[in-house]
Protein chains: 2
Amino acid sequence: MRRSDCPISNVLDHVGDRWSLLVIRDIALYGKRSFTELLDSAEHVATNVLTDRLRRLEQTGLLTRTRDSGDARKNIYRLTQRGRDLLPILIEMILWSARHDPQTNAPPELVRRAQTDRNALIADLQARIDAVDGR
Amino acid sequence: MRRSDCPISNVLDHVGDRWSLLVIRDIALYGKRSFTELLDSAEHVATNVLTDRLRRLEQTGLLTRTRDSGDARKNIYRLTQRGRDLLPILIEMILWSARHDPQTNAPPELVRRAQTDRNALIADLQARIDAVDGR
DNA sequence: CTGTATCCTTAGGGATACTG
DNA sequence: CAGTATCCCTAAGGATACAG
């Protein structure tokens, strides 16, 4: 699994595939918490792939899986602090695309705040995650 | 190629595989510019894979390939501004690993400056790239 | 509805031979 | 030395059937 002790390579070993970071994105930025919500993304991940990624992300400590107390059939997927701390990477990706591939739909308000008020923005996004998770 | 118009997905469509960002890293942070230098990384990329990634990164405008004026057999691979602007993403990855997987060898001085002096650090790293490339 | 398992095709990529 | 091409195997992942 670990290809080297390089910190960049390490992140790629965790989320350097074509799907993991999109799952993180949907939980962190779009408030999704259930399997079905996560399935329903613009990129159309297959069910088996989503299952596999949720497993791996749980095993590497980026998210937790808990039974929904209301609906017993259902799991709730939440980011751990380790997972939430990927937010700055997501932010930088949004900024890069906003600058270099403007046909992508980076939210202008988020881009503006990331440039003027980066730390406060990240704190706000963290707080929103906490709120959804009842923390 | 483009799976959606999401800016995060867009970055992953460019460098969301297990090798591209390591090539970017080696050029941006370690001053490598030639095929052989890029081959010689801790993660041991295969020659055909490196060839393929250099092609793709050139096609998507992240780097340029030019003949070495000294050694005619040799190409020089340089980041474009588009490629150099991936630096903040690399920085955030280093910070994440430094915090959550401290067994990785993130340079402590870089981590310290990233936390205290982020913009200046990025400007300095940019300047170092420019210096290597004679800009 | 919330996932999981199976089937099968394709893409990724390691080893290595080869070319200029 | 600086790559490129080939061979071949494995892992990724799409479609879909199936289970609780």
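When reading the values below, keep in mind they use all heavy atoms of this one structure, side chains included, and skip hydrogens, waters and symmetry mates. Lettering follows sequence order; numbering is per chain, from 1.
- Proximity of A:Thr51 to the phosphate of C:dT4: a side-chain N or O atom is located under 4.0 Å from OP1 or OP2.
- Under the 3.5 Å distance criterion, the side-chain polar atoms of A:Arg84 are matched with a main-chain donor or acceptor of A:Leu79.
- Along DNA chain C, the nucleotide nearest A:Leu54 and the nucleotide nearest B:Thr47 are compared for position; the residue whose nucleotide lies closer to the 5' end is A:Leu54.
- With no hydrogens or angles considered, no side-chain donor-acceptor pair links A:Gln126 and A:Asp130 at under 3.5 Å.
- At the heavy-atom level, B:Thr36 lies under 4.0 Å from the strands shown only through sugar-phosphate atoms.
- Between B:Leu39 atom CG and C:dG14 atom P there is a gap of 12 Å when expressed in whole angstrom units.
- Straight-line distance from the CD atom of A:Glu43 to the P atom of D:dG13: 13 Å, rounded to whole Å.
- A sub-4.0 Å separation between OP1 or OP2 of C:dT4 and a side-chain N or O of A:Arg55 is present.
- Residue B:Arg53 contributes atom CZ, which lies 13 Å from atom C1' of C:dG14 at whole-angstrom precision.
- One atom, CZ of A:Arg3, and another, C1' of C:dG13, lie 12 Å apart when rounded to the nearest Å.
- Hydrophobic clustering (ILVMFWY, side-chain heavy atoms < 4.5 Å, transitive): A:Ile76 and A:Leu54 are in distinct clusters.
- As a whole-Å value, the separation of B:Asn48 CG from D:dG3 C1' is 11 Å.
- Checking B:Val45 against A:Asn75, the closest nucleotide of DNA chain C that is more toward the 5' end is the one next to A:Asn75.
- Across the protein-nucleic acid pair, B:Asp52 atom CG and D:dT4 atom C1' stand 12 Å apart, rounded to whole Å.
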*Would A:Asp117 and A:Arg112 count as a salt bridge (Lys or Arg N to Asp or Glu O under 4.0 Å) if you check the C-alpha gap in whole Å, the side-chain angles of each, and the deciding distance to 0.1 Å?*
CA-CA 8 Å; A:Asp117 210 15; A:Arg112 197 190 56 72; over 6 Å; no
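- The nearest whole Å value for the distance from the CG atom in B:Leu50 to the P atom in D:dT4 is 9 Å.
- Each end of the helix from C:dC1-D:dG20 to C:dG20-D:dC1 gets its own axis, taken as the rotation carrying the C1' atoms of four end pairs onto the next four within a five-pair window, and the two axes meet at 30° to the nearest 10 degrees.
- When each of C:dC1, D:dG14, C:dG12 is scored by its nearest atom to the side-chain atoms of A:Arg73, the top-ranked nucleotide is C:dC1.
- Of all heavy-atom pairs spanning A:Val23 and A:Leu38, the tightest one is O-CD2, 4.2 Å.
- Heavy atoms of other residues, nucleotides or ligands lying less than 6.0 angstrom from CZ of B:Arg2 number more than 12.
- By the 4.0 Å N-to-carboxylate-O rule, B:Arg33 lies too far from B:Asp68 to be salt-bridged with it.
- Per the geometry, CZ belonging to B:Phe35 stands 11 Å off C1' belonging to D:dC1, to the nearest Å.
- Dashed line: the shortest gap from a side-chain N or O of A:Trp19 to OP1 or OP2 of D:dA12 is not under 4.0 Å.
- At a threshold of 4.0 angstrom between heavy atoms, the contacts of A:Arg67 with the nucleic acid are absent.
- A close approach under 4.0 Å does occur between a side-chain nitrogen or oxygen of B:Tyr77 and OP1 or OP2 of D:dG3.
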